[in-house]
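Predicted, not measured: the structure shown is a model, and the values here were computed from it. So you know, we letter chains A, B, ... as the sequences are listed, proteins then strands, and number each from 1.
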Protein chains: 2
Amino acid sequence: MEDQDDPALPGFDLDRFTPYRLSVAAERASEGLARLYRVRFGISVAEWRVLAHLEHSGNVSVRDIEARVALEKSKVSRAASRLEAAGLIAKAVDPADRRLVQLSLTPKGRALMAEMLPVALGFQEEIEARLGDAFAGFEQGLQRLLDDMEDKDDPSA
Amino acid sequence: MEDQDDPALPGFDLDRFTPYRLSVAAERASEGLARLYRVRFGISVAEWRVLAHLEHSGNVSVRDIEARVALEKSKVSRAASRLEAAGLIAKAVDPADRRLVQLSLTPKGRALMAEMLPVALGFQEEIEARLGDAFAGFEQGLQRLLDDMEDKDDPSA
DNA sequence: TTGACATCATTGCAAATGCAATGAATAACG
DNA sequence: CGTTATTCATTGCATTTGCAATGATGTCAA
């Protein structure tokens, strides 16, 4: 009973818990950008990732994107369908392996990316400016986390 | 036409885009911990956050948690209902303001937290160990991001 | 070749999510 | 007081999500 409000507990503070902090920061950053994309271009985060990857890597299969862009394959598939319906990408069966679907930007999709990229780059610059001299260290840590979690994402095994 | 596969485009690389990196890192970190909690304790991330906040701060209203723990109020409400059904927390109408619901850990809830906290702390230690000397810089950057986004979460606003 | 197994994209479906009511209670202000 | 706003927690509902089929293709070895 005395430990009901006993401050001498382990004293766990969620605010100092890295997974939580990471989650909140990511949520807010992605959400800020997501709102921009949604209201200005009608594009979701998943769709943005697919477009960005296509802009960067040319024709790719759904499977490639799934692995490359940290998106469930059903999410990629549905995003691709919406993008195709919007005329932003084209789907084509790979002639070499007919199980694969090659996605590629249409001219309209490329034009949209030309509008969206400056927004993304501006957002990135904004973040770097806000972090200032902390940016380098932050990115280094982030990189190390991403490297470690590349396949196994459970640090305590 | 020539820019179909022209590498001289803006050359945007999603992998260097901080919001994306942050999102992937957060997703993987949270998911690793989430799996542990789910399989070992049957607890979701939202439920974990509610429990952790209660353990740390004693009785709190749903509203408090919503603000404090970066969770939609409907999510808090539903998490609280599940936790109550599981006998881990108690809900009580605040006598001073009967709109508020005071949440508090039951003995069973406190016992569960006593089991879960070491797991969380171990996870945290693991992360710190993996980051090594990059941890301090990483946390500093993260803190700066969180500060900046406290109310307005759109850096390019 | 043929048959067992693997891989790919899509889709069905149950569960989770976000947002906009809803209803209860309080605060603000004349 | 009485009336109008505001705050709080919950819930309804449409959308999104994740996961497990499904079907269509490819691979490999007997």
Subject >> Side chain to side chain, A:Ile43 and A:Met116, heavy atoms closer than 4.5 Å >> reply: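 A:Ile43 vs A:Met116: side chains touch.
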Original post:
Looking at side-chain heavy atoms only, is the closest gap between B:Arg35 and B:Val39 below 4.5 Å?
Top reply: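 They are in side-chain contact.
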Original post:
Between A:Ser61 and C:dC8, is there a side-chain N or O to OP1/OP2 distance below 4.0 Å?
Top reply: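 False: A:Ser61 side-chain N/O out of range (4.0 Å or more) of C:dC8 OP1/OP2.
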Tell me: [atom1] of [X] to [atom2] of [N], nearest whole Å?
| X | N | atom1 | atom2 | result |
| --- | --- | --- | --- | --- |
| A:Arg78 | C:dT11 | CZ | P | 9 Å |
| B:Glu72 | C:dT17 | CD | P | 10 Å |
| A:Arg98 | D:dT27 | CZ | P | 12 Å |
| A:Asp94 | D:dA24 | CG | P | 19 Å |
| A:Arg99 | D:dT22 | CZ | C1' | 16 Å |
| A:Asp97 | C:dA6 | CG | C1' | 12 Å |
| A:Lys91 | C:dC8 | NZ | P | 17 Å |
| A:Lys75 | C:dA16 | NZ | P | 16 Å |

Original post:
How are the rings of A:Phe17 and B:Phe123 set relative to one another: parallel (under 30°), tilted (30 to 60°) or perpendicular (over 60°)?
Top reply: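 Correct class here is tilted.
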What I want to find out is whether [X] reaches [Y] closely enough, with some N-O distance under 4.0 Å, to be called a salt bridge.
| X | Y | answer |
| --- | --- | --- |
| A:Asp15 | B:Arg68 | yes |
| B:Arg16 | B:Asp13 | yes |
| B:Arg82 | B:Glu47 | yes |

**OP:** Have a look at B:Ser81 and say if it touches a base, only the backbone sugar-phosphate, or nothing, with a 4.0 Å heavy-atom cut-off.
**Re:**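 The residue B:Ser81 makes no contact with any strand.
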**OP:** Using a 4.0 Å heavy-atom cut-off across all strands, classify B:Ser44 as base, sugar-phosphate, or nothing.
**Re:**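 Contact class for B:Ser44: none.
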Among the candidates [options], find the nucleotide nearest to the side-chain atoms of [X].
| X | options | answer |
| --- | --- | --- |
| B:Ser74 | C:dG18, D:dG26, D:dG18 | C:dG18 |
| B:Arg63 | C:dA9, D:dC8, D:dG26 | D:dC8 |
| A:Leu100 | D:dT10, C:dG18, C:dC8 | C:dC8 |
| B:Val62 | D:dT10, D:dA24, C:dA9 | D:dT10 |

Original post:
Between the side chains of B:Glu139 and B:Gln143, does any donor sit under 3.5 Å from an acceptor?
Top reply: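 No, no side-chain donor-acceptor contact under 3.5 Å.
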Original post:
Of A:Lys73 and B:Ala80, whose closest DNA chain D nucleotide lies nearer the 5' terminus?
Top reply: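 So the residue in question is B:Ala80.
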Subject >> Helical bend (five base pairs per end, nearest 10°) for the helix from C:dT1-D:dA30 to C:dG30-D:dC1 >> reply: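 Axis angle across the helix from C:dT1-D:dA30 to C:dG30-D:dC1, nearest 10°: 20°.
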